[in-house]
Amino acid sequence: VFIVFLMIYYLAFLRTLDTPITNVINSFALHVGSQIKTGTLLGALYSAFFGGLFFIVIYMEAVFMALLRGGQSPVLLMLLYVFGIFISYNLDYFIGRRLANISKSLISPKKFYKVKGFLNRHGPWAIFVFNLLPLPSQILSTILGVFKYNRLRFNVFFMSGQILKYVLIIVAYIFIF
């Protein structure tokens, strides 16, 4: 809630101020937006990183498909996406682990305990399947951080699911388009 409030406050009031800090933020935001819009490889990295953060909603699979249609190398695009996701999901995990109280206020307790029960029943394969499907796995990474889930297991099952998902998207794209 606090992060959303800060974003709204910035967009409503601070963006129009002419201070060095707001100028840097505005120029960076314009740079990121233009890179994503024009479909550059740097834009792919930005969209994967920002889309992987649990408090920013971006349909990463749709952006990935748009970048594929833009003519980017599928393998390089997937590597950049996986790298950006790796960084952002580990940041989500870190936020969940170190700032558990704030994370719990941003994500409902009902969701927390529903995920915990699901993981207890299905184990780490649930993490793999959750990442393989186009589901909001960013929130799951934060919840796993709050529960202090094993970091190595987290990365192995998270990234395996993400890699397989994007490989399947590339294969489908090649055969359909």
Side-chain angles (χ1 to χ4, degrees), residues 3-4 7 25-99 103 106-107 111 115 118-119 122-147 149-177:
I3 294 170
V4 172
M7 289 173 65
I25 293 171
N26 288 337
S27 64
F28 181 70
L30 288 172
H31 167 73
V32 168
S34 70
Q35 293 294 315
I36 293 172
K37 250 186 212 176
T38 56
T40 65
L41 291 174
L42 186 57
L45 181 63
Y46 286 151
S47 65
F49 173 74
F50 289 114
L53 297 174
F54 77 97
F55 50 86
I56 299 176
V57 179
I58 296 176
Y59 298 105
M60 295 186 339
E61 296 83 4
V63 174
F64 186 79
M65 284 295 294
L67 291 166
L68 277 175
R69 294 190 78 181
Q72 297 293 352
S73 164
V75 174
L76 185 56
L77 189 59
M78 186 189 77
L79 289 174
L80 286 171
Y81 241 65
V82 168
F83 181 67
I85 289 169
F86 177 79
I87 294 169
S88 63
Y89 280 20
N90 276 283
L91 183 61
D92 291 341
Y93 180 89
F94 177 80
I95 290 170
R97 191 169 178 111
R98 298 288 182 222
L99 305 172
S103 300
L106 294 174
I107 303 168
K111 239 181 222 179
V115 168
F118 189 76
L119 285 172
H122 301 289
W125 291 104
I127 298 169
F128 174 79
V129 171
F130 203 83
N131 280 277
L132 179 61
L133 300 173
L135 297 171
S137 52
Q138 302 89 329
I139 293 173
L140 180 61
S141 62
T142 306
I143 292 171
L144 291 173
V146 170
F147 292 143
Y149 193 79
N150 180 287
R151 191 168 192 153
L152 177 62
R153 188 177 289 163
F154 161 79
N155 278 314
V156 167
F157 286 96
F158 248 90
M159 297 318 297
S160 297
Q162 289 293 328
I163 289 169
L164 184 56
K165 173 173 45 178
Y166 288 107
V167 165
L168 291 173
I169 289 172
I170 289 170
V171 169
Y173 176 80
I174 290 170
F175 285 108
I176 293 172
F177 297 103

Exercise for the section: Kindly determine whether F158 and L140 satisfy side-chain contact (heavy atoms from CB on, under 4.5 Å), including the steps that lead there. Expected result: CA-CA 10 Å; F158 248 90; L140 180 61; 4.1 Å; yes
Practice task
Please test L132 against L168 for side-chain contact (heavy atoms from CB on, under 4.5 Å), starting from the C-alpha separation and ending with a verdict.
Solution key: CA-CA 9 Å; L132 179 61; L168 291 173; 4.0 Å; yes
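More than 12 heavy atoms of other residues, nucleotides or ligands shown are found within 6.0 angstrom of CZ on F28. Counting non-hydrogen atoms of other residues, nucleotides and ligands closer than 6.0 Å to OH of Y173 gives a total above 12. The number of heavy-atom neighbours closer than 6.0 Å to CZ of R151, taken from other residues, nucleotides and ligands shown, is above 12.
For the pair Q72 (side chain) and G39 (backbone), a donor-acceptor distance under 3.5 Å is present.
Annotation: the span from L99 atom CG to F94 atom CZ amounts to 7.0 Å, rounded to 0.5 Å. Atom CD1 of residue I163 and atom CG of residue L79 lie 8.5 Å apart, to the nearest 0.5 angstrom. Within the model, atoms OH of Y166 and CD of E61 stand 4.5 Å from one another, a figure rounded to the nearest 0.5 Å. Between I127 atom CD1 and F118 atom CZ the span is 10.0 Å, to the nearest 0.5 Å. Note that CD1 of I139 is 12.0 Å distant from CG of L144, once rounded to the nearest 0.5 Å. Residue Y81 holds its OH atom at 8.5 Å from CD1 of I169, rounded to the nearest 0.5 Å.
Side-chain atoms of F86 and N155, non-hydrogen and from C-beta on, do get closer than 4.5 Å to each other. No side-chain heavy atom of P134 sits less than 4.5 Å from a side-chain heavy atom of Y59. Proximity of I143 to L119: side-chain heavy atoms (C-beta onward) are nowhere separated by under 4.5 Å. Two residues are said to be in side-chain contact when any heavy atoms from C-beta on lie closer than 4.5 Å; F154 and N90 meet this criterion. Contact of the H122 side chain with the V129 side chain is not registered, since no non-hydrogen atoms from C-beta on lie closer than 4.5 Å.
The two residues S47 and V63 come nearest to each other via the heavy atoms OG-CG1, 3.6 Å. Heavy-atom minimum distance, L133 versus K165: O-NZ, 3.8 Å. Nearest heavy atoms, D92 versus L53: OD1-CA, 3.5 Å. Shortest non-hydrogen contact noted between Y46 and H31 is OH-NE2, 3.0 Å. The minimum heavy-atom distance between G52 and Q138, with the atom names listed, is O-CG, 3.2 Å. Considering all non-hydrogen atoms of both residues, S88 and A48 come closest at OG-O, 3.7 Å.
A side-chain contact (heavy atoms from CB on, under 4.5 Å) with I36 is found for exactly one of T40, T38, V32, namely V32.
The aromatic rings of W125 and F128 sit perpendicular to each other, their planes meeting at more than 60°, with 30° as the lower class boundary.
Under the side chain to side chain donor-acceptor pair (under 3.5 Å) criterion, N131 pairs with S137, Q162, not counting sequence neighbours.
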